[in-house]
Amino acid sequence: RTPGFTIVFDSKGGTDVPAQNQMYGQLLEQPEPPTREGYIFDGWYEDPACDILWDVEEDIIETDMTLYAGWQKIE
């Protein structure tokens, strides 16, 4: 087992994004954004409802976590 924490990305219907292992207090490595037919990716969120945006430049890793892809439907 790798020391540190595992960050899993739930692309919510988009292309797969590989999990990352990071140490406590590190910033997330910005993954390649997923793609999804008919939608525009609008960031990673801490909650499945996509209310709490994860700030990749500010928020630090403190635990194992899942981040959820936010999508805007293309009109």
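FYI, side chains are in, hydrogens and waters are out, and symmetry mates aren't considered; it's all heavy atoms of this structure.
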Checklist entry - Would you say the side-chain atoms of Q20 pair up with the backbone N or O of E29, donor to acceptor, closer than 3.5 Å? => result yes
Next on the checklist: Looking at E58 and D55, would you say the former's side chain and the latter's main chain have a donor-acceptor pair under 3.5 Å?
Outcome noted: no
Next on the checklist: On a heavy-atom basis, which atom in E46 and which in W54 lie closest, and how many Å separate them?
Outcome noted: CG-CE3, 3.6 Å
Item to check | side chain to side chain contact (heavy atoms under 4.5 Å, CB included) evaluation trace for I74 with I40 | outcome: CA-CA 7 Å; I74 297 171; I40 296 171; 3.7 Å; yes
Checklist entry - Do you know which two heavy atoms are closest between K12 and R36, and how far apart they sit? => result O-NH1, 3.1 Å
Checklist entry - Does L67 share a hydrophobic cluster with V56, counting links as ILVMFWY side-chain heavy atoms below 4.5 Å and allowing steps through other members? => result yes
Checklist entry - F5 and D64: which non-hydrogen atoms are nearest, and at how many Å? => result CA-OD1, 3.2 Å
Next on the checklist: Rounded at 0.5 Å granularity, tell me how far OH in Y24 sits from CD1 in I60.
Outcome noted: 5.5 Å
Checklist entry - Hey, what do you get for CD (Q22) to CE (M65), rounding to the nearest 0.5 Å? => result 11.0 Å
Next on the checklist: Are I7 and L28 packed together at the side-chain level, in the sense that at least one heavy-atom pair is separated by less than 4.5 angstrom?
Outcome noted: yes
Checklist entry - Where do D51 and Y45 come nearest, in terms of heavy atoms and distance? => result N-CD2, 3.9 Å
Checklist outcome for this item: Correct closest heavy-atom pair for G14 and W71 would be CA-CZ2, 3.9 Å
Item to check | Polar side-chain atom of T15 near backbone of T35 as donor-acceptor pair, under 3.5 Å | outcome: yes
Next on the checklist: Could you report the tightest heavy-atom contact between A69 and F41, atom names first, then the distance?
Outcome noted: CB-CE1, 3.8 Å
Item to check | Distance-only polar pair, side chains of T6 and N21, donor-acceptor under 3.5 Å | outcome: yes
Checklist entry - Given the side-chain rings of W44 and Y68, with only the six-membered ring counted for Trp, is the space between their centroids under 6.0 Å? => result no
